[in-house]
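Working notes for the structure below.
Labels below follow one simple rule: chain letters A, B, ... track the order of the sequence lines, proteins then strands, and each chain is numbered from 1.
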Amino acid sequence: MEGAVKLGKVLVTSAWPYINVIPHLGNLVGSVLSADVAARYYRLRGDDVLLVSGSDEHGTPIEVEALRQGITPKELTDRNHTRVAELFKKWAISFDNYTRTESPVHREFVQETLMKIYRNGYIFSQETQMLYCENDQRFLPDRFVEGKCPYCGYERARGDQCDMCGRLLETTLLIEPRCVICGNSPAIKTTRHWYIDLSRFAEPLTNYIKNNQQLPLNAKNFSLNWIKEGLKPRAVTRDVAWGIPAPFPGAEGKTIYVWVEAVLGYVSATIEYCRRIGKPEKWREFWFDKSAITLYFVGKDNIPFHTIILPALLLATGEDYNLPWNVSATEFLQFKGAKASKSQRIGIWIDEALELFPADYWRFFLMATRPETKDTNFSWAFFIEKINADLNDTLGNFIHRTLSFINTRFNSEIPQPQKLTSEDEAVIQSIQDKVKELIHEFDAARLQSAANTLISMGRVGNQYLNEKEPWNLIKSDQERAASILYVAAQIVKAIAVASAPLMPSIAEQLWQTLKLPGSVHTSKWDEALTPLTVGHKIAKAAPLFRKIETDEKKLDETLTKLRDTMTKHA
RNA sequence: AGCGGGGUGGGGUAGCCAGGAUUAACCCGCUGGGCUCAUAACCCAGAGAUCAGUAGUUCAAAUCUACUCCCCGCUACCA
């Protein structure tokens, strides 16, 4: 059997979380979680899948946060990386490699690749003027400078934009500028930086984006527009101590811009994984084999880094890398109408969420509300609705009424059906159609629809049982009742497989209740449509979900309390 | 300001890029009915939307075009 089917290569990646803080649900939904759902789906399809990502840990905001806490940047990111990696495990994110930008493999790969691009003549250096804080001995990115807006007089305008009047600013125009870190007035200082000349890739990038059939509309339009407006050279170096040293001649003391290294991390993480499993050359299958699929899950704020910067870097190596096959870009998950903000306590963080409800509840909910075409809004009311009505009442109840019926009336054995009627066949057909629908949705990264389709399988089951009333038939026509439950049991099995990408532990629990061999996660998608054998004994069913009995107000209070105790421990 | 995305029954969403094979779909809620196997869960029927507005293209527009209003994001050194 082995080797009979050529497996598809699928590299699934997620934008690298920037770990100055723990991610919130909005960070998770479009990137890491979506990537995991997709990866789990492709594994079930039988593809050779690699899910990689890592912590993005360099740059000014990390340095500043470390300074605030009185520790070194490395101490900060060691701690946060460990914490975030643990949390992703609890969220059941099935990374093959969750690495970090401090990884030696990554550092070496970034430096080598940039030197390659440099030797190919796409990188030049140029002097520029930047604000410098003498007190902190640090160059200040625009957003680390505040001052009075020259247009509206707002006292806390940032160096790049005034939040009050919305105007874009030249940092040097700020009245009474001050360093956000220490409050002193910054000076203007000349410095040299290295730039990649993106404009030289305008044509290949345009062709690539136009011809990419998978790319969602938001990513496509945004990217084409960027190119149309004219690609400008982009600095690949920063005057920051905490980062990967720039390898260019004369660039001593400079580090690589975090986004440039983060996107190259997709490659380095693949290399690192393949070395670890003892197949150091295997990474090329994912990055150069033209039949391989590379799938990126990102939030809309970093579309250009994946549709323009990364492809440009890959093209600039001259090595025929695979460019992103799809960049699934989500809009934002808002919280009660506002953007998540740690300081204003708006939002829910991924550590807190798990203290309140099981990971699978969140996973399902987040996919069901995944902001695929527009921003969506988190509210407890909607969360409760999804968990109670969809998971518990529709899906969970169907599974439970079916299995417990088999437990009590058929001695926990899959009953022997008679010849199935056309109505029975129609229901089975309907479930097969749902499974096919799921395949289309997962293939197109339409994960929100997939969550709905999964629930609709429960609806089909509930309708079927209500219509056939096996609880009455069992009194008059035991054999007919047996047929009904046989069919219902097949639907349950299909649900067990189909729910695996979205709710891995619930799916596994169901798989074990059905007493099927091994794990649902090592089985195959086709199992969804393979019937349970007659006489097969199942375990005693227990409800898979519990209804949420509290209300919005109580949940908010619980969260606030939780937050206070967690802060104390931190 | 420029650019991108969005505005769809009371609430939440899909459909729009490739206009019509639908009476504008789905979930929640609401009204009425049914069922009692199941976690007071389930099922059926019904009310409720001229798809932000205006003008246009077309035999045909939620879908394409133009303009207007409102919300979100980005604007290249925040990451």
Compare the minimum distances between each of [options] and the side chain of [X], then state the nucleotide with the smallest one.
{"X": "A:Thr394", "options": "B:C27, B:G73, B:C42", "value": "B:C42"}
{"X": "A:Asn462", "options": "B:C37, B:G73, B:C42", "value": "B:C42"}
{"X": "A:Glu385", "options": "B:C27, B:G2, B:C77", "value": "B:C27"}
{"X": "A:Pro61", "options": "B:C77, B:A79, B:G5", "value": "B:A79"}

Length of the line joining [X]:[atom1] and [N]:[atom2], which is rounded to integer Å:
{"X": "A:Leu198", "N": "B:U75", "atom1": "CG", "atom2": "P", "value": "15 Å"}
{"X": "A:Asp390", "N": "B:A41", "atom1": "CG", "atom2": "P", "value": "14 Å"}
{"X": "A:Asn472", "N": "B:G34", "atom1": "CG", "atom2": "C1'", "value": "12 Å"}
{"X": "A:Glu63", "N": "B:A79", "atom1": "CD", "atom2": "C1'", "value": "14 Å"}
{"X": "A:Trp226", "N": "B:G4", "atom1": "CH2", "atom2": "C1'", "value": "13 Å"}
{"X": "A:Asn212", "N": "B:C17", "atom1": "CG", "atom2": "P", "value": "19 Å"}
{"X": "A:His306", "N": "B:G4", "atom1": "NE2", "atom2": "P", "value": "22 Å"}
{"X": "A:Tyr464", "N": "B:C43", "atom1": "OH", "atom2": "P", "value": "16 Å"}

query = Listed in order of residue number, which residues of residues 373-382 of chain A have a non-hydrogen atom at under 4.0 Å from RNA chain B?
reply =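 Hits under 4.0 Å, by residue number: A:Thr373, A:Lys374, A:Asp375, A:Thr376, A:Asn377, A:Phe382.
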Between A:Trp471 and B:C37, do the rings stack, that is, sit under 5.5 Å apart with planes less than 30° off each other?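 So yes, this residue stacks on that base, both cut-offs being met.
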For this output row, return yes or no: ring centroids of [X] and [Y] closer than 6.0 angstrom.
{"X": "A:Tyr98", "Y": "A:His81", "value": "yes"}
{"X": "A:Phe383", "Y": "A:Trp362", "value": "yes"}
{"X": "A:His306", "Y": "A:Tyr266", "value": "yes"}

Please check the phosphate of [N] (OP1 and OP2 only) for any side-chain N or O of [X] closer than 4.0 Å.
{"X": "A:Gln334", "N": "B:C72", "answer": "no"}
{"X": "A:Asn221", "N": "B:G5", "answer": "yes"}
{"X": "A:Lys547", "N": "B:A41", "answer": "yes"}
{"X": "A:Arg546", "N": "B:U39", "answer": "no"}

Between A:Gly396 and A:Phe332, which residue's closest nucleotide on RNA chain B lies nearer the 5′ terminus?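 First, find each residue's nearest nucleotide; the 5'-ward one identifies A:Gly396.
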Which sits closer to the 5' end of RNA chain B, A:Leu140 or A:Pro470, going by the nucleotide each is nearest to?
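This one resolves to A:Pro470.
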Hey, does [X] reach any base, or is it just sugar-phosphate, or nothing, if we go heavy atoms under 4.0 Å?
{"X": "A:Phe398", "result": "nothing"}
{"X": "A:Asp393", "result": "sugar-phosphate"}
{"X": "A:Lys228", "result": "nothing"}
{"X": "A:Asp56", "result": "sugar-phosphate"}
{"X": "A:Gln448", "result": "sugar-phosphate"}
{"X": "A:Leu544", "result": "base"}
{"X": "A:Gly461", "result": "nothing"}

Describe, in one word, how the ring planes of [X] and [Y] are oriented to each other, choosing from parallel (under 30°), tilted (30 to 60°) and perpendicular (over 60°).
{"X": "A:Phe378", "Y": "A:Phe335", "answer": "tilted"}
{"X": "A:His58", "Y": "A:Trp242", "answer": "perpendicular"}
{"X": "A:Trp226", "Y": "A:Phe222", "answer": "tilted"}

Whole-Å [atom1] distance, [N] and [M]:
{"N": "B:U63", "M": "B:U58", "atom1": "P", "result": "16 Å"}
{"N": "B:G6", "M": "B:G15", "atom1": "C1'", "result": "14 Å"}
{"N": "B:G46", "M": "B:G29", "atom1": "C1'", "result": "14 Å"}
{"N": "B:A14", "M": "B:G32", "atom1": "C1'", "result": "28 Å"}
{"N": "B:A45", "M": "B:A52", "atom1": "C1'", "result": "33 Å"}
{"N": "B:U57", "M": "B:U65", "atom1": "C1'", "result": "7 Å"}
{"N": "B:C70", "M": "B:A49", "atom1": "P", "result": "27 Å"}
{"N": "B:C51", "M": "B:G34", "atom1": "P", "result": "38 Å"}

Taking pairing as Watson-Crick or G-U wobble with both contacts under 3.5 Å, can you name the mate of [N], or confirm there isn't one?
{"N": "B:A21", "answer": "none"}
{"N": "B:G4", "answer": "B:C72"}
{"N": "B:C42", "answer": "B:G34"}

inquiry  = Should the side chain of A:Asn466 and the base of B:C42 be counted as holding a donor-acceptor pair, with the cut-off at 3.5 Å?
reply    =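 Between B:C42 and A:Asn466, which were checked side chain against base, a qualifying N/O pair under 3.5 Å is present.
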Legend entry - Any N/O donor-acceptor pair, A:Asn397 side-chain to B:U39 base, under 3.5 Å: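 For A:Asn397, whose side chain was compared with the base of B:U39, there is no donor-acceptor pair (under 3.5 Å).
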| task | Kindly determine whether A:Glu63 and A:Arg138 satisfy salt bridge (charged side-chain N to carboxylate O under 4.0 Å, His left out), including the steps that lead there. | result | CA-CA 10 Å; A:Glu63 275 192 339; A:Arg138 175 191 299 280; 2.3 Å; yes
- Query: Under a 4.0 Å N-O cut-off, is there an ion pair linking A:Glu372 with A:Arg370?
  - Reply: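 Here A:Glu372 pairs with A:Arg370 in a salt bridge, since their nearest N and O are under 4.0 Å apart.
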Closer than 4.0 angstrom, basic N to acidic O: yes or no for A:Arg459 and A:Asp390?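 Salt bridge between A:Arg459 and A:Asp390, a charged N being under 4.0 Å from a carboxylate O: yes.
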Tell me whether A:Lys189 contacts the main-chain N or O of A:Glu134 through its side chain, where contact means a donor paired with an acceptor under 3.5 Å.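 Between the backbone of A:Glu134 and the side chain of A:Lys189 there is no qualifying donor-acceptor contact (under 3.5 Å).
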| query | Regarding A:Lys300 and the six-membered ring of A:Phe332, is the cationic atom NZ or CZ under 6.0 Å from the ring centre and inside 45° of its axis? | reply |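 Yes, A:Lys300 lies over the aromatic ring of A:Phe332.
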